[in-house]
K.L.:
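Can you keep this structure in mind? I'll have questions shortly.
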Amino acid sequence: TIYQQLVRLYYGDEVRAFRDRDHSPWRKIKEIKLAIQLYKRYPRDKILGDFLNLIYLGRGANGIAEAPRRYFGKEMDALTTQEVAILASMNKSSKVYSPVFNEPDKNDPDYKNKHDVEVVRMSNARERYNSSLKRMREDGYISIVEYEKSLLNKDQDLSKSLVTLQPIKDRTFEYGN
């Protein structure tokens, strides 16, 4: 649940079992107890807001407010439908569903295999993106016309990124990502 995920995000550094990603029943019980406490103490909107501001969305972006700046060089309120769907699709696993094609080194002896693995990963990213769009359509956030216009086709070249990174230069770290 979001409550359990938020518990891991909140207490990941403090509870050793969370930090070490221990798969013991003890960790799960501790996680459930803390999740129940969160559920009883805070309204759902606060829990969802905290969760969205803590999740890792790849490329150094912690939280939904930072991700648009990292990926698109924009603030959240300036995103297109496609950009919102890309960010929504990455919440499950930013590494697996990243819209950025990671071209392997062409001099690598295993180049072909690594390239093929990356094409498969991009196919999964495309499917997850389309699934996010479908959910946005079903929930009434976008029209059928916008949905159909934003879908990624099955015949799209997957050896390219779904997005071109245009990050805002972050003065805190003195670089863009």
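Treat the numbers as computed from the prediction; the structure is a model and nothing was measured.
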K.L.:
I need the minimum non-hydrogen distance between Y3 and A35, along with the two atoms involved.
P.N.:
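Heavy-atom minimum between the residues: CB-CB, 3.8 Å.
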
K.L.:
Are I2 and I32 in one and the same hydrophobic cluster, where Ile, Leu, Val, Met, Phe, Trp and Tyr link if side-chain heavy atoms are under 4.5 Å apart?
P.N.:
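No, it is not one cluster - the side chains of I2 and I32 are not joined through contacts under 4.5 Å.
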
K.L.:
When you look at OH of Y111, are more than 12 heavy atoms from neighbouring residues, nucleotides or ligands closer to it than 6.0 Å?
P.N.:
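More than 12 heavy atoms, drawn from other residues, nucleotides or ligands, come within 6.0 Å of this atom.
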
K.L.:
Can we say E146 and K149 salt-bridge, meaning some charged N sits less than 4.0 Å from an Asp/Glu carboxylate O?
P.N.:
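No.
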
K.L.:
For H115 and K112, what are the C-alpha separation, side-chain angles and deciding distance, and is it a side chain to side chain contact (heavy atoms under 4.5 Å, CB included)?
P.N.:
CA-CA 5 Å; H115 183 271; K112 171 131 177 54; 5.7 Å; no

K.L.:
To the nearest 0.5 Å, how far apart are CG in N130 and CG in L152?
P.N.:
5.0 Å

K.L.:
Taking the side chain as every heavy atom from C-beta outward, state whether Y42 and D50 have any pair of such atoms under 4.5 Å apart.
P.N.:
no

K.L.:
Quick one: does Y71's side chain have a donor or acceptor within less than 3.5 Å of a partner on L57's backbone?
P.N.:
yes

K.L.:
For K134, does the NZ atom have more than 12 heavy-atom neighbours from other residues, nucleotides or ligands under 6.0 Å away?
P.N.:
no

K.L.:
Please determine whether a side-chain nitrogen of the Lys or Arg among R69 and E66 lies less than 4.0 Å from a carboxylate oxygen of the Asp or Glu.
P.N.:
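Salt bridge between R69 and E66, a charged N being under 4.0 Å from a carboxylate O: no.
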
K.L.:
Hey, is the main chain of E31 close enough, under 3.5 Å, to the side chain of Q4 for a donor-acceptor pair?
P.N.:
no

K.L.:
Between D105 and N107, is there a donor-acceptor pair closer than 3.5 Å when you use the side chain of the first and the backbone of the second?
P.N.:
yes

K.L.:
Which pair of non-hydrogen atoms, one from D110 and one from N113, has the smallest distance, and what is that distance?
P.N.:
OD1-CB, 3.1 Å

K.L.:
Closest approach of N91 and R128, non-hydrogen atoms and distance?
P.N.:
OD1-NH2, 3.1 Å

K.L.:
Check whether any side-chain N or O of S98 sits under 3.5 Å from a backbone N or O of K95 as a donor-acceptor pair, and report yes or no.
P.N.:
no

K.L.:
Apply the test side chain to side chain contact (heavy atoms under 4.5 Å, CB included) to residues R8 and R27: give CA-CA distance (whole Å), side-chain angles for both, the deciding distance (0.1 Å), then the verdict.
P.N.:
CA-CA 10 Å; R8 286 191 301 272; R27 181 202 50 100; 4.0 Å; yes

K.L.:
Which pair of non-hydrogen atoms, one from S94 and one from Y56, has the smallest distance, and what is that distance?
P.N.:
OG-CD2, 3.6 Å

K.L.:
With a distance cut-off below 6.0 Å to the six-membered ring centre and an angular limit of 45° from the axis, does R137 pair with Y147 as a cation-pi contact?
P.N.:
no

K.L.:
If I take atom CZ from residue R135 and atom OG from residue S89, how far apart are they, to the nearest 0.5 angstrom?
P.N.:
14.0 Å

K.L.:
Would you compute the distance between atom CG of N102 and atom CE of M122 and round it to the nearest 0.5 angstrom?
P.N.:
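Those atoms lie 8.5 Å apart.
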
K.L.:
Between R70 and N62, do the side chains contain a donor N or O and an acceptor N or O under 3.5 Å apart?
P.N.:
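No, R70 and N62 have no side-chain donor paired with an acceptor closer than 3.5 Å.
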
K.L.:
Do the non-hydrogen side-chain atoms of F101 and V119 ever get within less than 4.5 Å of each other?
P.N.:
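Result yes, sub-4.5 Å side-chain heavy-atom pair found.
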
K.L.:
Please evaluate residues L48 and D45 with respect to the criterion side chain to side chain contact (heavy atoms under 4.5 Å, CB included), reporting the C-alpha separation (whole Å), side-chain torsions for both, the decisive distance (0.1 Å), and the verdict.
P.N.:
CA-CA 5 Å; L48 184 59; D45 288 349; 5.7 Å; no

K.L.:
Inspect the contact between K114 and E103 and indicate whether a charged nitrogen and a carboxylate oxygen are less than 4.0 angstrom apart.
P.N.:
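Here E103 does not pair with K114 in a salt bridge, since their nearest N and O are not under 4.0 Å apart.
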
K.L.:
To the nearest 0.5 angstrom, please state how far the CD atom of E148 sits from the OG atom of S143.
P.N.:
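OG of S143 is found 8.5 Å from CD of E148.
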
K.L.:
Rounded to the nearest 0.5 Å, how far apart are NZ of K74 and OG1 of T80?
P.N.:
5.0 Å

K.L.:
Q37 vs V7, test: side chain to side chain contact (heavy atoms under 4.5 Å, CB included). Steps then yes/no.
P.N.:
CA-CA 10 Å; Q37 288 176 10; V7 163; over 6 Å; no

K.L.:
How many angstroms lie between atom CD of Q82 and atom CG of L133, to the nearest 0.5 angstrom?
P.N.:
7.5 Å

K.L.:
For I64 and M76, which heavy atoms make the closest approach, and how far apart are they?
P.N.:
CG1-CE, 3.0 Å

K.L.:
If Ile, Leu, Val, Met, Phe, Trp and Tyr residues are connected whenever their side-chain heavy atoms lie under 4.5 Å apart, and connections chain through other members, are V120 and V117 in the same group?
P.N.:
no

K.L.:
Quick one: do I36 and L9 end up in the same hydrophobic cluster if we chain Ile, Leu, Val, Met, Phe, Trp and Tyr together by side-chain heavy atoms under 4.5 Å apart?
P.N.:
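Shared cluster, no.
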
K.L.:
How far apart are the closest heavy atoms of V84 and M136, and which atoms are they?
P.N.:
CG1-CE, 3.9 Å

